[in-house]
Amino acid sequence: MPGTSVLQQTKFFSLPVDPPQSPELSLRLKEQECLSILKRCKNMEEFRQAHAQIVKWGFFWNSFCASNLLAACALSDGGSMDYACSIFQQIDEPGTFEFNTMIRAHVKDMTFEEALVFYYEMLEKGVEPDNFTYPALFKACAWLQAQEEGKQIHGHAFKLGLESDLYVQNSLINMYSKCGEIEHSCAIFEQMDEKSVASWSAIIAAHASFGKWDECLMMFGNMSSEGCWRPEESTLVTVLSACTYLGALDLGKCAHGSLLRNISELNVIVQTSLIDMYVKCGCLQKGLSLFRKMGKRNQMSYTVMISGLAMHGHGEEALRIYSEMLKDSLDPDDVVYVCVLSACSHAGLVDEGFRCFDRMKSEHGITPTVQHYGCMVELMGKAGMINEALEFVKSMPIKPNDVVWRSLLSACRVHCNLEIGEIAAKHLFQSRLQNAGDYVILSNMYARAQRWQEVAKIRVEMAREGLHQVPGFSLVEVGRRIHKFVSQDTSHPQCVSVYEMIHQMEWQLKFEGYSPDSSQVLLDVDEEEKRQRLKGHSQKLAIAFALIHTSQGSPIRLARNLRMCNDCHTYTKLISLIYEREITVRDRNRFHHFKDGTCSCRDYW
DNA sequence: ATAGGGTTAG
């Protein structure tokens, strides 16, 4: 058929042949035809042809067709923003729909400032925004973290009476949390009459991004009790990460069960967060078996497994997974290497550590960051290579940070190297990030060397700097609830029975030859007071609580914010023996599995 | 008539 366009030749783009009865109906049908043509456009070539066709039909100046051309081109993946802009320019009097389209398209393109420009242009031209306008704008403000602007636009939406719209509210929750104002998010959430899954997801994610893990799990519980129980993978991933941080294994298992019941095939992200949850809640084997069963793994899955094995002290196995990763032709990145190096340091694999460090640079072209150097210092320090570690720090091409100096200082404490310990401490004391723990370590080292004058000097200095030790806490899960105990706790509702239990435990411990080790209590108090302080360490309180409230023989799992003191370590070993319990403690650094009076770290941590 | 919200892992 010569003279007809490609479009007309294809059945795909043909117009209805039969003339309809009334002119109005005919117009409608043609408009519908335009719509369906636009819906099928996959790339710019097709959009151009469709555009030409619409013009040819004389429909371009019919605002419905032109607007839909604009929308389809601006919002579909095959379209182009520039082309959409040129269409927008050709529309005589753009109305709400056209402006909304431009705003949404810019948000989709992540050109958020542009989206806002269109909004202000809209206001200037006297075009009234509607409930479709604001969610896109709030998303733009969320990305830009434009708190003030977001608030102002929120004010406009409120004046127009659009604040009761569910979609507007959901996007507001997100915007305020991304701008750091979670209180506003909560206020909006609480005032909502109707809440959708998206509302719950938004508020749960908001709490997670602020590290409010308790609240995160509480909201999740409320979600189902308020009847909103359509499990979504993304929401459950957030919930799983809360479980991971809190060591809430039972709750994590519930989430796992709900995933298995409701989702036919778990995606990589969910599987990875499940592995991370199990491993960081102490169930290394469960994590490993899930990892083995995974169909497709990505870089993150490997990272989670390697870091988990490292935390549990299984260095060789971690290195095996690392070589599996290479065989899987995945390129390890800097984070993978942090995990690999820390696996080596936890397991005392010095040579392998150095080999990996070289390989990282030469084979994978990764420039070591301060974290990698920190791992190497930790590796050497743990192995007692204190002088080498110091030389290494001195030769670093970047400025060592406090973490690096702190690893060196801890190594000096373990290996009783006061001379280098003083060097490390000097750097730490000069750092802007002052830490009471560093003073404590140095002072303990002086105490061990019986240099009491220096001990006193450090104490005075510490007081002068106004430093306080970060309060230690331990988390323990009993009856699907997380109980938090802080050091010297008097606030937990069951404190009385816990302290009674502590008293009883000490009796039995004494029979096993336990004597308190108060060397790490840095307080200007007498020996008896020090012993009292030791008794109140959060780990002991949490263990006592778990002994009372769990059945005989069941394992006890704790997560804590700081590293363990020597006394708690010895104490817990004996408790595992006396009460015949397996006790797993997640430290700041790694796991300790106490069983039959011994610990998996073999007393070196 | 056309359109919209939230969201994951180290």
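Within every chain, numbering begins at 1; the chains are lettered A, B, ... in the order of the sequence lines, protein sequences first and strands thereafter.
- Distance CZ (A:Phe132) to C1' (B:dT2): 9 Å, rounded to an integer number of Å.
- A:Asn298 places a side-chain N or O within 3.5 Å of a backbone atom of A:Met300 that can act as its donor or acceptor partner.
- With rounding to whole Å, A:Met305 atom CE is found 14 Å from B:dA9 atom C1'.
- Side-chain N/O atoms of A:Asn100 include none lying less than 4.0 angstrom from OP1 or OP2 on B:dA3.
- One atom, NZ of A:Lys108, and another, C1' of B:dG6, lie 19 Å apart when rounded to the nearest Å.
- For A:Lys30, no side-chain nitrogen or oxygen approaches OP1 or OP2 of B:dA1 to under 4.0 Å.
- The base of B:dG4 lies outside donor-acceptor range of the side chain of A:Asn170, with no N or O pair under 3.5 Å.
- Atom C1' of nucleotide B:dT8 and atom CH2 of A:Trp213 are separated by 11 Å, given to the nearest angstrom.
- Centre separation under 5.5 Å together with a plane angle under 30° holds for the ring of A:Phe64 and the six-membered base ring of B:dA1, marking them as stacked.
- For the 3.5 Å distance criterion, the side chains of A:Thr133 and A:Asp130 qualify, holding a donor opposite an acceptor.
- Looking at A:Tyr134 and A:Asp165, their side chains never bring a donor and an acceptor atom within 3.5 Å of each other.
- Atom NZ of A:Lys139 is separated from atom P of B:dG4 by 11 Å (rounded to the nearest Å).
- Donor-acceptor pairing under 3.5 Å, judged by distance alone, is present between the side chain of A:Asn298 and the base of B:dA9.
- Looking at heavy-atom distances under 4.0 Å, A:Ala71 makes no contact with the nucleic acid at all.
- In this model, no donor atom of one side chain and acceptor atom of the other lie less than 3.5 Å apart for A:Glu378 and A:His346.
- A:Lys280 comes within 4.0 angstrom of sugar-phosphate atoms only, judged by non-hydrogen atoms across all strands, and of no base.
- Judged by distance alone, with hydrogens and angles left aside, A:Ser199 brings no side-chain donor or acceptor close enough to the base of B:dG6 to form a pair under 3.5 Å.
- Atom-to-atom, CD1 of A:Ile87 to P of B:dT2 comes out at 20 Å; the value is rounded to the nearest Å.
- Stacking annotation: A:Phe97 is stacked on the base of B:dT2 (ring centroids less than 5.5 angstrom apart, interplanar angle below 30 degrees).
- Judged purely by distance below 3.5 Å, without hydrogens or angles, the side chains of A:Glu45 and A:Gln49 pair a donor atom with an acceptor atom.
- Put simply, A:Arg104 has a side-chain N or O that comes within less than 4.0 Å of OP1 or OP2 on B:dG4.
- Side-chain N/O atoms of A:Ser345 and A:Ser342 include no donor and acceptor closer than 3.5 Å.
- Using a 4.0 Å heavy-atom distance criterion, A:Lys178 is classed as a sugar-phosphate-only contact.
- Rounded to whole Å, atom P of B:dA3 lies 20 Å from atom NE2 of A:His106.
- Between the side chain of A:Asp333 and the base of B:dG10, at least one donor-acceptor pair of N or O atoms lies under 3.5 Å.
- If you check every strand for non-hydrogen atoms under 4.0 Å, A:Leu172 touches nothing.
- Here A:Glu233 lies in heavy-atom contact (under 4.0 Å) with a base.
- The side chain of A:Val168 sits closest to B:dG4 out of B:dG4, B:dG10, B:dA3.
- Contacts of A:Val335 with the nucleic acid, taken as non-hydrogen atoms under 4.0 Å apart, include base atoms.
- A donor-acceptor contact under 3.5 Å is not formed by the side chain of A:Ser171 with the base of B:dG5.
- Across all strands, A:Val336 comes closer than 4.0 Å to base atoms (heavy-atom distances).
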